[in-house]
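Following: one structure in structure tokens, then a few remarks.
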Amino acid sequence: MQAMRKPADIRKAEIVACALVLADRIGPDRVTTAAVAQAVGVTQAALFRHFPTKSAMWLAVAGQVADDLTGAWAAALGEAGTPPERLRALVQAQFTQIVATPAMPMLLHSRELNVGNHDLRGAFRDRLRAFHGHLVQEFAAGQRARLFDAQVAPPDAAALLSSLVQGVAIRWALGARDFDLMAEGLRLFDVQMRLFAAKGA
């Protein structure tokens, strides 16, 4: 039975949500527009009225993920606190979004999507750079407050923290999610923060 006609924005949101669910369930490279249409309850032709190509659908998915990440970072940075607290809030926000959207690590590392879709690759690269920039800013603030080792370049610290998040997320995604992502990620974050601490702090 065909689904009732809904406003375009609602239907688009449903398509994006279903694409994310399917990407998590079977892997993004195996998701087809036919499978998404079936999950939504519309014909493939109806799906193409909202997204004329599969690439356009994935770009909308990337836009949704990017919006969610941006909002989470803004909320994390909106909380008053010391630079280490703000760094922890940023990393925690990142893990929260990954738990809420488990397909995210696979989307970021999907060869088919990222090699075949230049705009999608650019959208994800932009968000990764933005996260890196927030980390650089907060680490530099911590150095000015003499909380972090002055010998560590802020971009290097940000790269280590970004790699920590991505590494734990990939291990979680590939390991059948057999550990608590948030607990493990924040545990390792705290280890890293101790290594960053200013000598004598």
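Just so it is clear, the model here is predicted, and its values are computed rather than measured.
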*May I ask you to test the Q192-L188 pair for a side-chain heavy-atom distance under 4.5 Å?*
no
*F139: what forms a ring-ring contact (aromatic ring centres under 6.0 Å, His included) with it, not counting sequence neighbours?*
F148, F196
*Would you call F131 and L161 a side-chain contact if the rule is heavy atoms closer than 4.5 Å?*
no
*Kindly indicate whether the side chain of P7, heavy atoms from C-beta on, has any atom under 4.5 Å from the side chain of I10.*
yes
*Applying side-chain hydrogen bond (donor to acceptor under 3.5 Å, both in side chains), name anything that partners D149, two or more places apart in sequence or on another chain.*
K199
*asked:* Can you confirm whether L20 sits close enough to L107 that some side-chain heavy atom of one is under 4.5 Å from a side-chain heavy atom of the other?
replied: yes
_Heavy-atom closest pair, residues A158 and V136_ = CB-CG2, 3.5 Å
*asked:* Show every salt bridge (charged side-chain N to carboxylate O under 4.0 Å, His left out) that has at least one partner inside residues 89-100, sequence neighbours left out.
replied: none
_Spacing of CG belonging to L128 relative to OG belonging to S162, to within rounding of 0.5 Å_ = 7.5 Å
*For R177, check side-chain hydrogen bond (donor to acceptor under 3.5 Å, both in side chains) against everything at least two apart and list the hits.*
D24
*What are the two closest heavy atoms between G185 and L164, and how far apart are they?*
O-CD2, 3.8 Å
*Kindly indicate whether the side chain of R171, heavy atoms from C-beta on, has any atom under 4.5 Å from the side chain of F179.*
yes
_Qualifying ring pair (Phe, Tyr, Trp, His ring centres under 6.0 Å) pairs with a residue from residues 10-49, counting only residues at least two apart or across chains_ = none
*Group every Ile, Leu, Val, Met, Phe, Trp and Tyr by side-chain heavy-atom contacts under 4.5 Å, then state whether V191 and L147 land in the same group.*
no
*Kindly work out whether a path of hydrophobic side-chain contacts (I/L/V/M/F/W/Y, heavy atoms less than 4.5 Å apart) joins V91 to L77.*
yes
*For L90, does its backbone N or O pair with a side-chain atom of H134 as donor and acceptor, under 3.5 Å?*
no
*Between D9 and K12, does a side-chain contact (heavy atoms from CB on, under 4.5 Å) hold up when you go through it step by step?*
CA-CA 5 Å; D9 56 341; K12 284 183 177 181; 5.7 Å; no
_L59 side chain reached by F51 side chain, heavy atoms, under 4.5 Å_ = no
*salt bridge (charged side-chain N to carboxylate O under 4.0 Å, His left out) against D190, all qualifying residues, sequence neighbours excluded*: R88
*asked:* Using the side-chain contact (heavy atoms from CB on, under 4.5 Å) criterion, which residues pair with Q97? Sequence neighbours excluded.
replied: D68, L69, A72, M104
*Run the numbers on R25 and V21 for side-chain contact (heavy atoms from CB on, under 4.5 Å), then give the verdict.*
CA-CA 6 Å; R25 187 179 303 155; V21 169; 3.3 Å; yes
_For a quick test of reading the model, state the closest non-hydrogen atom pair linking F189 to L87 and the distance between them._
CZ-C, 3.8 Å
*Stepwise side-chain contact (heavy atoms from CB on, under 4.5 Å) test for L47 and R11*: CA-CA 9 Å; L47 185 148; R11 184 64 79 199; over 6 Å; no
*asked:* Which residues pass the side-chain contact (heavy atoms from CB on, under 4.5 Å) test with S163, not counting sequence neighbours?
replied: none
*Shortest non-hydrogen contact from V31 toward K54*: O-NZ, 2.8 Å
_Can you list everything that forms a side-chain hydrogen bond (donor to acceptor under 3.5 Å, both in side chains) with W73? Sequence neighbours excluded, please._
Q94
*State plainly whether one hydrophobic cluster holds both F95 and L160, where clusters connect Ile, Leu, Val, Met, Phe, Trp and Tyr through side-chain heavy atoms under 4.5 angstrom apart.*
yes
*Any pair with a residue in residues 69-86 that passes salt bridge (charged side-chain N to carboxylate O under 4.0 Å, His left out), sequence neighbours left out, goes on the list, sorted by first then second residue, please.*
R86-E138
*A173: what forms a side-chain contact (heavy atoms from CB on, under 4.5 Å) with it, not counting sequence neighbours?*
P105, M106
*Mind checking what makes side-chain contact (heavy atoms from CB on, under 4.5 Å) contact with R129, not counting sequence neighbours?*
R125
*Please walk me through it: do I98 and W172 pass side-chain contact (heavy atoms from CB on, under 4.5 Å)?*
CA-CA 10 Å; I98 293 169; W172 177 74; 3.8 Å; yes
*L186 and L195: same hydrophobic cluster, using ILVMFWY side-chain contacts below 4.5 Å?*
no
*When you look at CD of Q38, are more than 12 heavy atoms from neighbouring residues, nucleotides or ligands closer to it than 6.0 Å?*
no
*Specify the closest pair of heavy atoms between A23 and A103, including all atoms of both residues, with the distance to one decimal.*
CB-CB, 3.9 Å
_Smallest separation among heavy atoms of V61 and A19, with atom names_ = CG2-CB, 3.9 Å
